Engineer: 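One structure is given below, represented as structure tokens, and several questions about it will come after.
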Amino acid sequence: MMVEKIDKPVPRVKRAVAKTAAKTPKARAAKRSITVPYTAEDIAEIFWRFQVQRPEPESELEYSNAFTLLVAVVLSAQATDAGVNKATRGLFAAADTPEAMAALGEEAIREHIKTIGLYRNKAKNVAALSEALIARHEGAVPNDRAALEALPGVGRKTANVVLNVAFGEETLAVDTHIFRIGNRLHLAPGKTPDEVEDNLLRLIPQPYRRHAHHWLILHGRYVCKARKPVCEACVIADLCMAEVKTCDVPAALTPLPPGPPPSATAA
């Protein structure tokens, strides 16, 4: 089945991965050695198709404001979005601001989220970050990476999600799905999440950076799955360079409604 072409922007991107300044000779050498088996046109086509398929991708975590988003992302470490959503419905009904969460207390938070893995430590972090937001930021979630990463339980990935989803910044949080896709497709190979993140950000054309995070996560969750990719459902099957690919014919390129595909099961 051929992919139907429609009018689309032709972003100006460089072939493969552009060289950028690094802080150390070691980092510069690592960046110079990175190559990908795609042309700039291939890369632009890949992300254009993701855009056509999901014009306005959304997080599958349930939240109502920047604070509940922050808490949900902290709780999502080593847990599924569905599992987090099940636990946070009651939690957020009881407390959806740092002040209310701090008043709720660690013990009550723990009771709400005890179905989630690592819930004891996560409850401690949620209580502590709520106190920290009150003490340091007057109860507001900061639009600043350093300030976010200084909060209990918040690392680079969590900060990237909050900056992207809550504040619209062009950040890219590398979870297990994006790390797998970056390496499996040889799109942004890297030994660590930070390396994959850096390579993707230097590779993705400007028109597509805002939503690339969600496009790649959803593609990895529902199509390019960990155990076995569903290549017949892949809109970039003809462009993909993965050795495990089982199909060269791209799936029909049609917009999908928000949420998981009807027949999909999360990896």
Side-chain angles (χ1 to χ4, degrees), residues 1-13 36-63 69 76 80-82 85 160-161 164-165 168-188 196 200-201 203-267:
M1 180 181 296
M2 297 299 294
V3 176
E4 181 182 358
K5 296 289 186 178
I6 62 176
D7 291 338
K8 61 179 184 293
V10 181
R12 300 175 65 182
V13 296
V36 296
Y38 301 91
T39 66
E41 290 74 19
D42 290 337
I43 294 166
E45 179 72 13
I46 286 170
F47 285 95
W48 172 73
R49 293 186 194 180
F50 285 156
Q51 177 181 257
V52 172
Q53 188 179 48
R54 291 186 172 91
E56 294 293 334
E58 299 176 355
S59 172
E60 293 188 338
L61 289 170
E62 296 175 1
Y63 64 95
L69 171 66
S76 70
T80 65
D81 286 1
N85 291 339
N160 276 341
V161 174
N164 180 266
V165 177
E169 294 195 13
E170 294 178 349
T171 57
L172 199 151
V174 177
D175 70 346
T176 181
H177 298 299
I178 295 181
F179 186 79
R180 178 176 68 253
I181 288 176
N183 283 285
R184 176 187 279 174
L185 275 60
H186 308 290
L187 187 62
V196 172
L200 281 170
L201 287 175
L203 188 82
I204 298 169
Q206 179 63 37
Y208 306 115
R209 290 178 191 167
R210 172 68 176 83
H211 294 306
H213 162 77
H214 282 120
W215 289 328
L216 292 170
I217 285 179
L218 295 172
H219 186 68
R221 182 173 292 165
Y222 298 119
V223 180
C224 200
K225 299 182 181 183
R227 292 185 180 180
K228 183 180 179 181
V230 188
C231 297
E232 62 272 17
C234 178
V235 296
I236 62 168
D238 56 325
L239 299 171
C240 175
M241 296 289 185
E243 286 84 358
V244 297
K245 185 173 71 170
T246 59
C247 174
D248 287 319
V249 180
L253 188 58
T254 56
L256 296 176
S263 61
T265 302

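The model shown is predicted, which means the values in this text are computed figures rather than measured ones.
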Engineer: Hey, could you give me the CG/CG distance between Leu172 and Asn160, rounded to the nearest 0.5 Å?
Structural biologist: 7.5 Å
Engineer: I'd like to check the side chain to side chain donor-acceptor pair (under 3.5 Å) partners of Arg184; sequence neighbours left out, ordered by chain and number.
Structural biologist: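 For Arg184, no residue satisfies side chain to side chain donor-acceptor pair (under 3.5 Å) once neighbours in sequence are set aside.
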Engineer: Please identify each residue that fulfils ring pair (Phe, Tyr, Trp, His ring centres under 6.0 Å) with Tyr63, with sequence neighbours left out.
Structural biologist: none
Engineer: Determine, step by step, whether Ile46 and Trp215 satisfy the side chain to side chain contact (heavy atoms under 4.5 Å, CB included) criterion, reporting the C-alpha distance in whole Å, the side-chain angles of both residues, the deciding distance to 0.1 Å, and the verdict.
Structural biologist: CA-CA 10 Å; Ile46 286 170; Trp215 289 328; over 6 Å; no
Engineer: Who are the side chain to side chain donor-acceptor pair (under 3.5 Å) partners of Glu243, not counting sequence neighbours?
Structural biologist: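 In terms of side chain to side chain donor-acceptor pair (under 3.5 Å), with neighbours along the sequence ignored, Glu243 is linked to His186.
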Engineer: Which atoms form the tightest heavy-atom contact between Val235 and Ala252, and what is the distance?
Structural biologist: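 Shortest heavy-atom contact: CG1-O, 3.9 Å.
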Engineer: Before giving the answer on side chain to side chain contact (heavy atoms under 4.5 Å, CB included), spell out for Leu218 and Glu60 the whole-Å C-alpha distance, their side-chain angles and the decisive distance to 0.1 Å.
Structural biologist: CA-CA 9 Å; Leu218 295 172; Glu60 293 188 338; 3.7 Å; yes
Engineer: Which residues satisfy the side-chain contact (heavy atoms from CB on, under 4.5 Å) test with Glu232, sequence neighbours excluded?
Structural biologist: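 In terms of side-chain contact (heavy atoms from CB on, under 4.5 Å), with neighbours along the sequence ignored, Glu232 is linked to Val230.
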Engineer: Rounded to the nearest 0.5 Å, what separates atom CD1 in Ile236 from atom CD in Gln53?
Structural biologist: 9.5 Å
Engineer: Do Arg49 and Pro250 have side chains that approach each other closer than 4.5 Å (heavy atoms only, starting at C-beta)?
Structural biologist: yes
Engineer: Can any side-chain N or O of Arg54 pair as donor or acceptor with the backbone N or O of Leu256 at less than 3.5 Å?
Structural biologist: no
Engineer: How long is the span from the CG atom in Leu203 to the OH atom in Tyr38, to the nearest 0.5 Å?
Structural biologist: 9.5 Å
Engineer: Identify, with sequence neighbours excluded, every residue that meets side chain to side chain donor-acceptor pair (under 3.5 Å) alongside Glu169.
Structural biologist: none
Engineer: Which is it for Cys224 and His177 under the side chain to side chain contact (heavy atoms under 4.5 Å, CB included) test, yes or no, and what are the steps along the way?
Structural biologist: CA-CA 8 Å; Cys224 200; His177 298 299; over 6 Å; no
Engineer: Can you name the residues that form a ring pair (Phe, Tyr, Trp, His ring centres under 6.0 Å) with His213, not counting sequence neighbours?
Structural biologist: none
Engineer: Over all heavy atoms of both residues, which pair between Met241 and Pro37 is shortest? Give the atoms and the distance, please.
Structural biologist: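 Result for this residue pair: CE-O, 3.3 Å.
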Engineer: Search all heavy atoms of Ala237 against all heavy atoms of Cys231 and return the closest pair with its distance.
Structural biologist: CB-O, 4.0 Å
Engineer: Taking the side chain as every heavy atom from C-beta outward, state whether Thr246 and Pro229 have any pair of such atoms under 4.5 Å apart.
Structural biologist: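 SC-SC contact between Thr246 and Pro229 ruled out.
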Engineer: Quick check for you: to the nearest 0.5 Å, what is the distance between Leu187 atom CG and Cys240 atom SG?
Structural biologist: 9.5 Å
Engineer: Please round to the nearest 0.5 Å and tell me the distance separating atom CG of Leu239 and atom CD of Glu41.
Structural biologist: 11.5 Å
Engineer: Is it the case that the side chain of Asn85 and the backbone of Glu62 share a donor-acceptor pair, with hydrogens and angles ignored and the cut-off at 3.5 Å?
Structural biologist: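 Between the backbone of Glu62 and the side chain of Asn85 there is a qualifying donor-acceptor contact (under 3.5 Å).
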Engineer: Go through the structure and list residues passing side-chain contact (heavy atoms from CB on, under 4.5 Å) with His214, not counting sequence neighbours.
Structural biologist: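 Pro57, Ser59, Asn164, Val165.
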Engineer: Which atom names give the shortest non-hydrogen contact between Asp81 and Ser76, and what distance separates them?
Structural biologist: OD1-CB, 4.4 Å
Engineer: Could you tell me the separation between the NZ atom of Lys225 and the CZ atom of Arg180, rounded to the nearest 0.5 Å?
Structural biologist: 10.0 Å
Engineer: What is the minimum heavy-atom distance between Ala188 and Val196, and which atoms define it?
Structural biologist: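 Looks like O-CG2, 3.6 Å.
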Engineer: Check the angle between the aromatic planes of Phe47 and Tyr208 and answer parallel, tilted or perpendicular using the 30° and 60° thresholds.
Structural biologist: parallel
Engineer: Show, in sequence, the C-alpha distance, side-chain angles and deciding distance for Leu216 and Leu200, and conclude whether the side chain to side chain contact (heavy atoms under 4.5 Å, CB included) test is met.
Structural biologist: CA-CA 11 Å; Leu216 292 170; Leu200 281 170; 4.0 Å; yes
Engineer: Kindly give the heavy-atom pair with the smallest separation between Pro55 and His211, and that separation in Å.
Structural biologist: O-CD2, 4.3 Å
Engineer: Sequence neighbours excluded, which residues qualify as salt bridge (Lys or Arg N to Asp or Glu O under 4.0 Å) partners of Glu170?
Structural biologist: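 Result, salt bridge (Lys or Arg N to Asp or Glu O under 4.0 Å) vs Glu170: none returned.
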Engineer: The criterion is side chain to side chain donor-acceptor pair (under 3.5 Å); which residues satisfy it with Asp175, sequence neighbours excluded?
Structural biologist: none
